[in-house]
Amino acid sequence: MAAHLNTEIMLVDEVLAVGDEAFQRKCKAKIRETALAGRTVLFTSHDMESIKAICQSCIVLDHGKVIAQGNVLDAVAQYQRACAT
């Protein structure tokens, strides 16, 4: 993950799936810092705990179609139901 950013939109794709715990903490802190600075962060992950810890809103896609959007906990629940079928 880039340590120095100067952008309005940051795309983060499964970055927390790699690295040790210290790296993951550093990435989460940078993501939060970027969002608190008023920038848009698009975070993609299959790690629901990271989604719940980082995101303020959520979109769940299933084969390119939106199946949930909005509240993070509701979207995570919908994702988990979709994965169970």
Side-chain angles (χ1 to χ4, degrees):
M1 173 171 230
H4 303 284
L5 302 171
N6 188 17
T7 181
E8 292 302 313
I9 300 173
M10 180 169 66
L11 304 175
V12 182
D13 184 19
E14 294 286 357
V15 69
L16 301 176
V18 298
D20 60 16
E21 188 175 327
F23 174 79
Q24 292 179 9
R25 270 195 315 274
K26 183 177 178 180
C27 289
K28 286 179 183 179
K30 188 62 177 176
I31 291 167
R32 284 188 199 98
E33 176 187 320
T34 300
L36 289 173
R39 296 185 179 102
T40 299
V41 178
L42 177 60
F43 178 71
T44 65
S45 181
H46 291 92
D47 178 357
M48 296 301 106
E49 294 308 311
S50 291
I51 295 284
K52 290 189 280 188
I54 293 171
C55 300
Q56 296 176 347
S57 64
C58 191
I59 297 172
V60 179
L61 301 174
D62 185 12
H63 294 91
K65 293 184 180 181
V66 175
I67 62 169
Q69 182 175 354
N71 178 280
V72 174
L73 296 178
D74 293 342
V76 166
Q78 179 64 31
Y79 171 81
Q80 291 170 328
R81 282 191 298 274
C83 288
T85 58

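Sequential numbering from 1 along the given sequence is applied to the chain's residues. Since we're looking at a predicted model, the values are computed, not measured.
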K.L.:
List the atom pairs, donor and acceptor, that lie under 3.5 Å between side-chain atoms in residues 42-51 and the rest of the protein, sequence neighbours left out.
P.N.:
| residue | atom | partner | partner atom | Å |
| --- | --- | --- | --- | --- |
| T44 | OG1 | V12 | O | 3.4 |
| T44 | OG1 | D13 | OD1 | 2.5 |
| S45 | OG | D47 | N | 2.8 |
| H46 | ND1 | E14 | OE2 | 2.7 |
| D47 | OD1 | E49 | N | 3.1 |
| D47 | OD1 | S50 | N | 3.4 |
| D47 | OD2 | S50 | OG | 2.8 |
| E49 | OE2 | K52 | NZ | 3.1 |

K.L.:
Roughly how far apart are R39 CZ and I31 CD1, rounded to 0.5 Å?
P.N.:
14.0 Å
K.L.:
Testing V60, D62, L61 for side chain to side chain contact (heavy atoms under 4.5 Å, CB included) with Y79, which one passes?
P.N.:
V60
K.L.:
What distance do L11 atom CG and T40 atom OG1 have between them, rounded to the nearest 0.5 Å?
P.N.:
10.0 Å
K.L.:
State the CD-CZ distance between E21 and R25, to the nearest 0.5 angstrom.
P.N.:
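One finds 5.0 Å between CD of E21 and CZ of R25.
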K.L.:
May I have the list of side-chain donor-acceptor pairs in residues 64-71 shorter than 3.5 Å, sequence neighbours left out?
P.N.:
| residue | atom | partner | partner atom | Å |
| --- | --- | --- | --- | --- |
| N71 | OD1 | L73 | N | 2.9 |
| N71 | OD1 | D74 | N | 2.9 |

